Amino acid sequence: QVHLVESGGGLVQAGGSLRLSCAASRTANTMAWYRQAPGKQREFVAVMHSGGSTNYADSVKGRFTISRDNAKNTVYLQMNSLKPEDTAVYYCNAIQFGLQYWGQGTQVTVSS
């Protein structure tokens with residue numbers, strides 16, 4: 001079981017920044033961020049593996065950075081140069097023992 005608690009969402013103007021945090025109850029090999037906008041499918045945003053490798057969706061590459069603090073079992077998503085199209089519910093994701101776990105989601109709204 002991996003329980004995920006997210007924080008850091010909110011309202012920001014276009015061009016601004018936010019940092020999302022996801023505190024996990026235990027270490028997971030893979031931690032990631034997804035997002036889902038109204039009327040859209042949930043989409044991949046960023047992932048970090050235990051070895052430190054990362055991947056990003058093309059839409060956020062160069063603007064978002066995923067990082068993790070293993071001592072705190074926490075993963076972060078630094079979001080810079082935010083655009084209105086980044087508006088979505090952002091979900092923390094973890095994979096451990098072949099099972100996928102999700103956070104509750106945190107709303108990010110970017111005003112134009």
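Quick caveat, the model's predicted, so the values are computed rather than measured. What's counted below: heavy atoms across the whole structure, side chains too, no hydrogens, waters or symmetry copies.
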Give the intermediate values and the outcome of side-chain contact (heavy atoms from CB on, under 4.5 Å) for residues Gln1 and Ser25.
-> CA-CA 8 Å; Gln1 290 286 309; Ser25 61; 5.9 Å; no
Joint cluster assignment, Leu77 & Ile95, ILVMFWY side-chain distance < 4.5 Å = no
Can you tell if the side chain of Met48 reaches within under 4.5 Å of the side chain of Ser53, non-hydrogen atoms only?
-> no
Going hydrophobic residue to hydrophobic residue with side-chain gaps under 4.5 angstrom, can you get from Phe97 over to Val75?
-> no
Keeping the roles fixed (side chain from Ser59, backbone from Ala57), state whether a donor-acceptor pair exists under 3.5 Å.
-> no
Hey, could you give me the CE/OG1 distance between Met31 and Thr54, rounded to the nearest 0.5 Å?
-> 15.0 Å
Mark yes or no for whether Glu6, through its side chain, and Gly105, through its backbone, hold a donor-acceptor pair below 3.5 Å.
-> yes
State plainly whether the residues Asp86 and Lys83 are in salt-bridge range, i.e. N to O under 4.0 Å.
-> no
Using a distance-only test with no angle check, is there a side-chain donor-acceptor pair under 3.5 angstrom linking Ser17 and Asn80?
-> yes
Connected hydrophobic set around Phe44, excluding itself, where side chains approach under 4.5 Å = Tyr34, Val47, Val89, Tyr91, Trp102
Roughly how far, to the nearest 0.5 Å, is OG of Ser111 from CG of Leu82?
-> 10.0 Å
Return yes when atom CD of Gln104 has more than 12 non-hydrogen atoms of other residues, nucleotides or ligands closer than 6.0 Å, and no otherwise.
-> yes
Student check: side-chain heavy atoms of Trp33 and Leu20 closer than 4.5 Å = yes
Report whether Val45 and Val12 are members of the same hydrophobic cluster (ILVMFWY, side-chain heavy atoms less than 4.5 Å apart, transitive linking).
-> yes
To the nearest 0.5 Å, what is the distance between CZ (Arg68) and SG (Cys22)?
-> 10.0 Å
Within the side chain of Thr74, is there an N or O that forms a donor-acceptor pair under 3.5 Å with the backbone of Asp69?
-> no
Applying the 4.5 Å side-chain criterion to the ILVMFWY set and letting contacts propagate, would Tyr76 and Ile66 be lumped into a single cluster?
-> no
Which pair of heavy atoms, one from Ala28 and one from Ala94, lies closest together, and at what distance?
-> CB-CB, 3.9 Å
Between Thr30, Thr27, Asn29, which is the residue that forms a side-chain contact (heavy atoms from CB on, under 4.5 Å) with Ser50?
-> Asn29
To the nearest 0.5 angstrom, please state how far the CD atom of Gln107 sits from the CZ atom of Arg35.
-> 12.0 Å
Under 4.5 Å between any side-chain heavy atoms of Arg63 and Tyr56, yes or no?
-> no
side-chain contact (heavy atoms from CB on, under 4.5 Å) evaluation trace for Gln100 with Asn93 = CA-CA 7 Å; Gln100 187 163 264; Asn93 171 263; 2.9 Å; yes
Separation between NE2 (His3) and CG (Asn73), nearest 0.5 Å, reads 13.0 Å
What one should report as the nearest heavy-atom pair of Pro84 and Ala14 is CD-CB, 4.1 Å
